[in-house]
Amino acid sequence: MYLSRFLSIHALWVTVSSLMQPYPLVWGHYDVCKTQIYTEEGKVWDYMACQPESTDMTKYLKVKLDPPDITCGDPPESFCAMGNPYMCNNECDASTPELAHPPELMFDFEGRHPSTFWQSATWKEYPKPLQVNITLSWSKTIELTDNIVITFESGRPDQMILEKSLDYGRTWQPYQYYATDCLDAFHMDPKSVKDLSQHTVLEIICTEEYSTGYTTNSKIIHFEIKDRFAFFAGPRLRNMASLYGQLDTTKKLRDFFTVTDLRIRLLRPAVGEIFVDELHLARYFYAISDIKVRGRCKCNLHATVCVYDNSKLTCECEHNTTGPDCGKCKKNYQGRPWSPGSYLPIPKGTANTCIPSISSIGNPPKFNRIWPNISSLEVSNPKQVAPKLALSTVSSVQVANHKRANVCDNELLHCQNGGTCHNNVRCLCPAAYTGILCEKLRCEEAGSCGSDSGQAAPPQGSPALLLLTALLGTASPWAF
């Protein structure tokens, strides 16, 4: 009997799911740019904020080493094994594939034994510093979504800096310092991410946590993205609404996790002792077997797809936007200034689509501005930037009631049809338009437009979902 009930409910769920195709079952991941809804005027597109999935970004980068000839093997040289620093009969030879250690081995598939790795020349020119810059470039703005992880096959360096660029390598800012002695190396007190908080999450720190010198069991260095996310989303990142709210309203926080390039500056190899052993300089070098960087293309919440073509990443823009990052409106869709999409209100966000220009249409239609139901956002603490999100009261979108709109801005309450917001109290409209948000054609008041444009009704909940809830409710008191 119980099996038959289970099969009946399963069949019902399959049927209901097929009816709900226009309504994604899981919201909040921003993986859909638009869906069809029904209004009094018929079937229309409902636009929402969207972004590409997180992926392994090392598949799309270009790597550059400085100095260019720092890789071992040309000329061939011997180096010491990591497990036994005084067994120096290993050879690096760039002309022999089995003995070569080129840079691309930092990004190949791992899991083989022994590991493949890039390796620098040894510190044979001591006391001249052995320093290497490894630059990772994407020629595209990306958003980091997980920890940066660097796996060393040599000892972890005594001194290292991880840097980022937001302008394709023209300028650089430090992300984090690493040292066995932060005070001596960088004149900074040692800290870890656990010492930070919501208010200090953007602080650049020096950590001694990952610089333990020449130790076989300690190979990995982290830059902790998720630990920083956790200050807003909780230890297991379950409250992503809070994180998205902070990213949406705090540009410095959003920019902190955004890069075009990363640079690993290796400043001093693992020595493991106070003094360098000048009789065995072949034991000092850098070797990296793996670098992990997970993220997504930055598309300003206007795309779910980022394509890699001709060695270049580009967003496939929606919402009438264009550009590598969907950073501007298409031609003939410049009826109002471009704006990025918004994560708010959770779970669908706000698309901020570009609308047709006045010059691109003969008799322009009336565009209804759709924005979030602002009354559902409640500020929980005046000192906090992001609002507390009342998920139970947030409607997906709400068509604006222009009679009650008495304020404008450049984020949610946009002046329409080319109007500009003046002191957040009124819109300065083009000559052909009137209304609080420039939403009306002046000819309508004179009755000479010859068209009637009504407002669209807000989207309704899915009838299929309500049906499923009701049916499951009637079958809920099962006795097993």
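All heavy atoms count here, side chains included; hydrogens, waters and symmetry mates do not.
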Please tell me if the side chains of [X] and [Y] come closer than 4.5 Å, counting only heavy atoms from C-beta onward.
| X | Y | answer |
| --- | --- | --- |
| T145 | I225 | no |
| R336 | T353 | yes |
| N320 | I355 | no |
| F152 | F117 | no |
| E316 | T314 | no |

Are the side chain of [X] and the backbone of [Y] linked by a donor-acceptor contact shorter than 3.5 Å?
| X | Y | answer |
| --- | --- | --- |
| N300 | D325 | yes |
| T304 | D31 | no |
| T321 | E318 | yes |
| N147 | K226 | yes |
| Q198 | F231 | yes |
| R263 | Q173 | no |
| H319 | C33 | yes |
| K330 | P356 | no |
| D56 | T58 | yes |
| S120 | Y286 | yes |

Taking all heavy atoms of [X] and all of [Y], pick out the closest pair and write down the distance.
| X | Y | value |
| --- | --- | --- |
| T171 | S165 | O-OG, 2.9 Å |
| P102 | T71 | CA-CG2, 4.3 Å |
| L262 | K164 | CD2-CB, 4.2 Å |

task: Begin with the C-alpha distance, continue with both residues' side-chain angles, and end with the deciding distance and a verdict on salt bridge (charged side-chain N to carboxylate O under 4.0 Å, His left out) for K219 and E153.
output: CA-CA 7 Å; K219 296 183 176 184; E153 287 301 312; 3.3 Å; yes
Determine whether more than 12 heavy atoms belonging to other residues, nucleotides or ligands lie under 6.0 Å from atom [atom1] of [X].
| X | atom1 | answer |
| --- | --- | --- |
| K328 | NZ | no |
| E203 | CD | yes |
| D167 | CG | yes |

message: Go through it in stages, so that I can follow the logic: the residues are Y175 and F256, the test is ring pair (Phe, Tyr, Trp, His ring centres under 6.0 Å), and I'd like the CA-CA distance, side-chain angles, deciding distance and then a yes or no.
response: CA-CA 9 Å; Y175 240 163; F256 184 81; 5.3 Å; yes
- request: State, without any angle test, whether D248 and S342 hold a side-chain donor-acceptor pair at a distance under 3.5 Å.
  value: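 The answer is yes; a qualifying pair exists.
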- request: Taking side-chain contact (heavy atoms from CB on, under 4.5 Å) as the test, write out the residues that go with S137, two or more places apart.
  value: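 Result, side-chain contact (heavy atoms from CB on, under 4.5 Å) vs S137: T135, D261.
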- prompt: What residue among I221, L266, I264 forms side-chain contact (heavy atoms from CB on, under 4.5 Å) with Y178?
  reply: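 Only one of I221, L266, I264 forms a side-chain contact (heavy atoms from CB on, under 4.5 Å) with Y178, namely I221.
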